[in-house]
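If you're wondering where the values come from, they're calculated on a predicted model, not measured in any experiment.
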Amino acid sequence: MHYPTLRHLAVTRLMTETFRGYHHALKLRDGEFYETRNLSTEDYPLLTVRKAASKLPIVQHAAQGMIAKDALAWVDNGTLWYNGQPTAVTALSPGDKQLVGMGAYIVIFPDKVYFNTADASDHGSLEAHWRYTGPVRYTMCDSTGKEYEHVTVQALAPDAPEGGELWLDSAGRQLKQYDTVTAMWITVQTVFTKLSFTTQGQLKRLFGEHDGVTLAGAALEDLNGSKVLYALGGEEGRENDWLVVVGIAAETVENPEDTITIDRTVPTLDFVCECRNRLWGCYYGSDGERNLNELYCCALGDFKNWNQFLGLSTDSWRASVGSDGVWTGCINYLGSPTFFKEERIHTITPSREGAHQVAELPARGVQQGSSRSLAIVGETLYYKARSEVCAYQGGFPGGVSDALGDERYSDAVGGAFGSNYWLSMRSAQGEWQLFCLDTARALWMHVNDTHVRQFEAIDDSLLALIGDELWDLNGEAEGERESAREWLAESGILYCQYPDSKYLSRYNLRLRAESGATICMEVEYDSSGVWESAGRFTPSGTGTVTLPVQPRRCDHMRLRLSGRGDVKLFSITRILEKGSDV
């Protein structure tokens, strides 16, 4: 008797052991996902749920900006806080702030105020303004304020002069001093005038030596305008204050009432960074009289002085640029202040002699509104350009965001920790999205829909200002712990009907899960838009889960894994069996 022979079905296993993160395209490499949520590349090549974040126990009413120094500093509702305590810096204006560190100091823009983290009593305004109405005495002097006892003022040189005698040539308006060695009158290159006031220590409380100021109202016109205070004096309880500026007072003059104004100002700045013991800034706009497109820096080690011009290498500095468009951001990159427009990168090379050089590179710059996207990971600078995310190493920037697909984003905010570049930005539909780029492996993850206003790394924490709350995305800081994260991984198109008529029969998932974690699997066939449940389970520990799939004909399918709680996925195996050609 002959019995029919049962043919054994050929079985093929396709295993995915390396998970390659987020790639927002339908046709993907094995291990890539069209959509992810709350996943991480930390345990690459495994697929891992990200760490739980922790909320810092800091009460925020109207958070306006922060900076990490030896401790965290932030502005909350107009008050600067440092190391968990409010400071005497209060009544700051509404709106976001730029906090820039320079040594032990924190400088806050656009308010132009400073705070010394090493000495809480040292704080105040970068600018100073003084107005005085009363008697003023004008006397010719040297740079230290020592008044000249006798100066001959006439058109012709004095007869039989003595060594060191001073003569003011009234015709040429030049001060000369007689030198007995050469028997010649030597021109004094710089002439100074001392202005004395009947005040008590006001000047020294507001100004310092070598401050660059604007002086107005002096009886002698030569003394008005942009000046440097070469010396000043006056103390509490004493009647007279005085200062020394460049200018010629032909004779001592005492006016009973002059109105003098002295102003030390800081230019309006769009963006500011610190580099080589100076603050550097940029501005594009109008000052009321002319259009400006300029770069600036303060005097060396002195963030109060932006108009100090003594002819020294330590002077303030400014330069106009010819490139079009508004400034979009700046950062200290590898020891060079680097300024961006959307289509230009301007790099300043600081000089020891003060002759700082500006280089211009026509290249993809920072997108307008994305100045906070600038962040350095390792030695590479990352930022959001208009059309993509760029990596910059001093040459031409390169795009690194192909995985984000064709979606257009704006208003980006970036942060760096370890080898990860975090980026929160808004889509064309107005939805906020948080991404993370593992720069060491060139892998992206779409984290969630969080709007982060600013990132700051300190110690082992990556702090994120979310609304008016401060969160540590690494979960290292003590505080309220985030609950179990809901996660998701959605594949691209998977073709099921192969040329040799193989069909998907089941999935094997090798994973490790914490107690209480849940996992769901769903399948979409032929881009129908309908996700059909393929199983739900609650694993615990390490093991393999098998999910049978009801055989059905389809051209392609997509797979979605989702769950809640900590899970590590080691591999996904698709079991394929050969079917008929019908």
Side chain to side chain donor-acceptor pair (under 3.5 Å) pairs touching residues 294-303, sequence neighbours excluded, are Glu294-Tyr296, Glu294-Ser320, Asp302-Asn305

Hey, is the main chain of Gln174 close enough, under 3.5 Å, to the side chain of Asp169 for a donor-acceptor pair? no

Less than 4.0 angstrom from a charged side-chain N to a carboxylate O is my criterion; do Asp324 and Arg344 meet it?
no

| task | Quick one: do Leu126 and Val113 satisfy side chain to side chain contact (heavy atoms under 4.5 Å, CB included)? Show the steps, please. | result | CA-CA 5 Å; Leu126 305 188; Val113 299; over 6 Å; no

In Thr139, Leu175, Val244, Val245, the residue satisfying side chain to side chain contact (heavy atoms under 4.5 Å, CB included) with Phe192 is Val244

Sequence neighbours excluded, the answer for salt bridge (Lys or Arg N to Asp or Glu O under 4.0 Å) partners of Asp142 is none

Of all heavy-atom pairs linking Ala249 and Thr193, the shortest is N-OG1, 3.2 Å

Separation between OG (Ser336) and CD1 (Ile348), nearest 0.5 Å, reads 9.0 Å

Contacts satisfying salt bridge (charged side-chain N to carboxylate O under 4.0 Å, His left out) that involve residues 174-196 (not counting sequence neighbours) are Glu147-Lys194

- Message: side-chain hydrogen bond (donor to acceptor under 3.5 Å, both in side chains) for Ser196 and Asn240? Distances and angles first, verdict last.
- Response: CA-CA 6 Å; Ser196 300; Asn240 289 331; 6.0 Å; no

Residues 277-290 vs side chain to side chain donor-acceptor pair (under 3.5 Å), sequence neighbours excluded, gives none

Self-check item: Main-chain N/O of Tyr114 paired with His123 side-chain donor or acceptor, under 3.5 Å
Solution: no

Contacts satisfying side chain to side chain donor-acceptor pair (under 3.5 Å) that involve residues 75-87 (not counting sequence neighbours) are none

Sequence neighbours excluded, the answer for side-chain contact (heavy atoms from CB on, under 4.5 Å) partners of Ile345 is Thr338, Phe340, Thr347, Leu361, Ala363, Tyr383, Tyr392, Pro397

Original post:
Is there a donor-acceptor contact under 3.5 Å linking the side chains of Thr133 and Thr259?
Top reply: yes

Practice problem: Side-chain contact test, heavy atoms from C-beta onward, threshold under 4.5 Å: evaluate it for Tyr105 versus Leu279 and give yes or no. | Solution: no

Going by an N to O cut-off under 4.0 Å, is there a salt bridge joining Lys304 and Asp211?
no

Check your understanding: Just checking, any donor-acceptor pair under 3.5 angstrom between side chains of Asp111 and Ser93?
Key -> yes

Rounded to the nearest 0.5 angstrom, the NE2-OG distance for His356 and Ser351 is 6.5 Å

So the ring pair (Phe, Tyr, Trp, His ring centres under 6.0 Å) pairs with at least one residue in residues 145-168 (sequence neighbours excluded) are Trp167-Trp185

Would you call the rings of His210 and Tyr230 parallel, tilted or perpendicular, taking 30° and 60° as the class edges? perpendicular

Salt bridge (Lys or Arg N to Asp or Glu O under 4.0 Å) filter on Arg386, not counting sequence neighbours, yields Glu342

Minimal heavy-atom distance between Leu232 and Gly208, with the atoms involved, is CD2-C, 3.6 Å

Expected output: side-chain Gln393 to main-chain Thr380 donor-acceptor under 3.5 Å: no

Minimal heavy-atom distance between Trp130 and Tyr132, with the atoms involved, is CH2-CB, 3.3 Å

Leu80/Lys97 under side chain to side chain contact (heavy atoms under 4.5 Å, CB included): CA gap, chis, key distance, verdict:
CA-CA 11 Å; Leu80 176 67; Lys97 306 298 177 190; over 6 Å; no

Are Asn255 and Tyr138 close enough that a side-chain donor and a side-chain acceptor fall under 3.5 Å?
no

The complete set of salt bridge (charged side-chain N to carboxylate O under 4.0 Å, His left out) pairs with one or both residues in residues 362-379, sequence neighbours excluded, reads Arg364-Glu388

Quick one: does any side-chain atom of Ser54 pair with a main-chain N or O of Ala477 as donor and acceptor, under 3.5 Å? yes

Notebook entry, point to check: Passes side-chain hydrogen bond (donor to acceptor under 3.5 Å, both in side chains), Gln154 versus Thr152? Steps please.
Noted result: CA-CA 6 Å; Gln154 59 188 38; Thr152 301; 5.7 Å; no

The salt bridge (Lys or Arg N to Asp or Glu O under 4.0 Å) partners of Glu127 (sequence neighbours excluded) come to Lys112

Between the CG atom in Leu292 and the SG atom in Cys282, the distance rounded to the nearest 0.5 Å is 12.0 Å

- Query: So, Gln454 side chain and Met66 main chain: donor-acceptor pair closer than 3.5 Å or not?
  - Reply: yes

I'd like a table of donor-acceptor pairs (distance under 3.5 Å, sequence neighbours excluded) in which one partner is a side-chain atom from residues 213-222, with atom names and distances.
| from | atom 1 | to | atom 2 | distance (Å) |
| --- | --- | --- | --- | --- |
| Glu221 | OE1 | Asn224 | ND2 | 3.4 |
| Asp222 | OD2 | Ile248 | N | 2.9 |

I'd like to check Glu274 versus Phe303 (side-chain heavy atoms, cut-off strictly below 4.5 Å). Are they in contact? no

When every non-hydrogen atom of Glu476 is compared with those of Ser461, the smallest separation belongs to CB-OG, 3.7 Å

So, Arg318 versus Asn307: side-chain donor-acceptor pair below 3.5 Å or not?
yes

*asked:* Whether the side chain of Gln98 engages the backbone of Val272 through a donor-acceptor N/O pair (distance < 3.5 Å, no angle test) should be reported.
replied: yes

inquiry  = One pair to check against side-chain hydrogen bond (donor to acceptor under 3.5 Å, both in side chains): Asn332 and Arg276. What are the steps and the verdict?
reply    = CA-CA 9 Å; Asn332 175 1; Arg276 303 195 187 188; over 6 Å; no

Residue set satisfying salt bridge (Lys or Arg N to Asp or Glu O under 4.0 Å) with Glu165, at least two apart, ordered chain then number -> none

Under 3.5 Å, is there a donor-acceptor pair between the side chain of Thr439 and the main chain of Ser419? yes

Taken to the nearest 0.5 Å, the spacing of Ser313 OG from Leu300 CG works out to 7.5 Å

Between Val153 and Ala250, the two heavy atoms sitting closest are CG2-O, 3.3 Å

Answer yes or no: is there a donor N or O on one side and an acceptor on the other, between the side chain of Lys384 and the main chain of Val413, under 3.5 Å?
no

Nearest heavy-atom approach of Trp242 to Gly145 is CZ3-CA, 4.1 Å

To the nearest 0.5 Å, atom SG of Cys436 lies from atom OH of Tyr421 at 11.0 Å

Quiz prompt | CA sep, side-chain torsions, deciding dist, call: Val366, Ser373, side chain to side chain contact (heavy atoms under 4.5 Å, CB included) | solution = CA-CA 8 Å; Val366 174; Ser373 68; 4.3 Å; yes

- request: Please assess Leu295 against Val358 for the test side chain to side chain contact (heavy atoms under 4.5 Å, CB included), listing each intermediate value before the final yes or no.
  value: CA-CA 9 Å; Leu295 298 168; Val358 182; 4.0 Å; yes

